[in-house]
Visitor: 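Could you have a look at this structure, given as structure tokens, before my questions?
All of these numbers come straight from a predicted model, not from anything done at the bench.
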Amino acid sequence: MHPLLIKIGPIPIHTYGVLIAIGFLAGIFTARKLAARSGLNVDRFLDFSFWALLIGLIGARALFVITRIESFLLDPVSIFKVWEGGLVFFGGLLAVVPFAWWYFKKYKLPFWKTADVALPGLVIGHFFGRLGCLAAGCCYGKPTGSSFGIRLYSDLVESAYHGITLHPTQLYEAGALLVLFVGMMSVFKRKKFDGQVALTYFLIYPVIRSVIEVFRGDLIRGFVIDNVVSTSQFISALVFVAALVILVVRSRQLSEENSSNNRRSKPKKRDNT
């Protein structure tokens, strides 16, 4: 945990904010390369990336504020101090998805191909974001009951957990995201249809998040069923089921299209009578 990276005179530079910025740049770099490789309009895609980041931050912050509304009502100005930590990833994702649908439709960008380009960048950006969570002391884990773990003293951590070894859930998820990123880049190189990369993300990340939630200790994230199913696990289940249904439907559609194309290209038998 290292919330303050450096202080330049009276200006504090927070580690969380720096890592979020690095994550954004890494995501943009990745998306730019993939967009050019896919034949998409790079400038248009970069414009989308900027607005997606802004809307994602607003959505992620809004959901975090909702989970801690009482404390924010006492200090409304702190709502805007994003650099100190406090984003709920699913809040950002749920805000960006409808925006992406609208944007792609408006500017006639192929939805699935563009989604395949965007999501690897999101994953690498999320990786750096989780490192930022570790630096800020948020999204922490449950006590490990042993010497294994990390000790946090952030104001975002319940005082009862200060100095106790906790599961480094931030590192668990960061590691899983890095593996997912490498896997998605591999799928991108070998994909058989547009949307395969995007659907890989929407199938795998909910599983990762659901497992990580088992080790999370920050009760403020909310529960659908108290201490059994967290809000993120519930959303993960919905996202996974939706992605699975879309994958099945899309696979059938592509199979039918291929069969139809094969029938058209098959030469007709000559009648020699």
Side-chain angles (χ1 to χ4, degrees), residues 17-63 80 82-83 87-132 177-178 180-206 235 239 242-243 245-247 249-251 253-254 257-258 261:
V18 171
L19 285 167
I20 288 292
I22 292 173
F24 175 68
L25 293 176
I28 288 293
F29 176 81
T30 301
R32 183 186 180 91
K33 291 292 185 181
L34 296 182
R37 192 181 302 175
S38 299
L40 296 176
N41 185 316
V42 175
D43 291 335
R44 177 63 66 195
F45 191 83
L46 291 179
D47 181 63
F48 161 74
S49 299
F50 170 78
W51 288 109
L53 172 69
L54 181 61
I55 292 170
L57 286 175
I58 292 172
R61 185 63 171 178
L63 191 52
F80 303 100
V82 180
W83 55 87
L87 300 173
V88 178
F89 175 74
F90 270 124
L93 185 64
L94 294 176
V96 169
V97 168
F99 167 73
W101 181 272
W102 170 82
Y103 190 96
F104 296 167
K105 186 175 182 179
K106 179 178 179 179
Y107 292 104
K108 296 183 171 67
L109 294 171
F111 182 83
W112 288 113
K113 180 181 284 189
T114 310
D116 282 348
V117 167
L119 284 164
L122 171 67
V123 173
I124 196 62
H126 194 184
F127 162 76
F128 283 103
R130 280 303 177 211
L131 296 181
L177 285 167
L178 192 57
L180 176 59
F181 172 74
V182 173
M184 289 174 67
M185 292 296 287
S186 178
V187 172
F188 187 92
K189 292 177 181 178
R190 299 171 176 81
K191 67 176 183 174
K192 297 179 179 179
F193 60 89
D194 289 334
Q196 188 174 357
V197 179
L199 291 171
T200 296
Y201 170 77
F202 285 114
L203 286 171
I204 301 299
Y205 179 70
I235 295 174
V239 171
V245 170
I246 292 172
L247 177 62
V249 172
R250 185 151 178 76
S251 296
Q253 289 175 338
L254 292 169
E257 289 176 6
N258 289 334
N261 291 334

Visitor: Taking the side chain from S251 and the backbone from L247, do they hold a donor-acceptor pair closer than 3.5 Å?
Guide: yes
Visitor: Can you sort out the partners of F104 under ring pair (Phe, Tyr, Trp, His ring centres under 6.0 Å), two or more places apart, ordered by chain and number?
Guide: F48, F111
Visitor: Can you measure from CD1 (I20) to CG (L131) and round to the nearest 0.5 angstrom?
Guide: 10.0 Å
Visitor: List the atom of G59, the atom of A95, and the distance in Å for their closest heavy-atom pair.
Guide: CA-CB, 4.1 Å
Visitor: Kindly give the heavy-atom pair with the smallest separation between A243 and L203, and that separation in Å.
Guide: CB-CD2, 3.9 Å
Visitor: Against F181, only a single residue in L119, T30, L122 fulfils side chain to side chain contact (heavy atoms under 4.5 Å, CB included); can you say which?
Guide: T30
Visitor: Would you say that more than 12 heavy atoms from the other residues, nucleotides or ligands in this model lie under 6.0 Å from the CZ of R250, or not?
Guide: yes
Visitor: When rounded to the nearest 0.5 angstrom, what is the spacing between CE in M184 and CG in L199?
Guide: 10.0 Å
Visitor: Under 4.5 Å between any side-chain heavy atoms of D43 and D47, yes or no?
Guide: no
Visitor: Tell me the closest heavy-atom pair linking I124 and G121, and the distance in Å.
Guide: CG2-O, 3.2 Å
Visitor: Compare all side-chain heavy atoms of L40 with those of P110 and state whether any distance is below 4.5 angstrom.
Guide: yes
Visitor: How many angstroms lie between atom CH2 of W51 and atom OH of Y103, to the nearest 0.5 angstrom?
Guide: 9.5 Å
Visitor: Measure across F128 and A26 and return the closest heavy-atom pair with its distance rounded to 0.1 Å.
Guide: CE1-CB, 3.9 Å
Visitor: What distance separates K189 NZ from R37 CZ, expressed to the nearest 0.5 Å?
Guide: 6.5 Å
Visitor: Could you tell me which non-hydrogen atom of S49 sits nearest to which non-hydrogen atom of F24, and how far apart they are?
Guide: O-CE1, 4.1 Å
Visitor: Which pairs, with at least one residue in residues 182-203 and sequence neighbours excluded, count as a ring pair (Phe, Tyr, Trp, His ring centres under 6.0 Å)?
Guide: Y201-Y205
Visitor: Give, for atom CZ of F45 and atom CG of L109, the distance between the pair rounded to the nearest 0.5 Å.
Guide: 8.5 Å
Visitor: Supply the atom-to-atom distance I235 CD1 to L94 CG, rounded to the nearest 0.5 angstrom.
Guide: 5.5 Å
Visitor: Kindly indicate whether the side chain of M185, heavy atoms from C-beta on, has any atom under 4.5 Å from the side chain of L34.
Guide: yes
Visitor: Closer than 3.5 angstrom, by distance alone: can the side chain of D194 be matched with the main-chain N or O of W112 as a donor-acceptor pair?
Guide: no
Visitor: Determine the minimum heavy-atom distance between V96 and A52, stating which atoms define it.
Guide: CG2-O, 3.4 Å
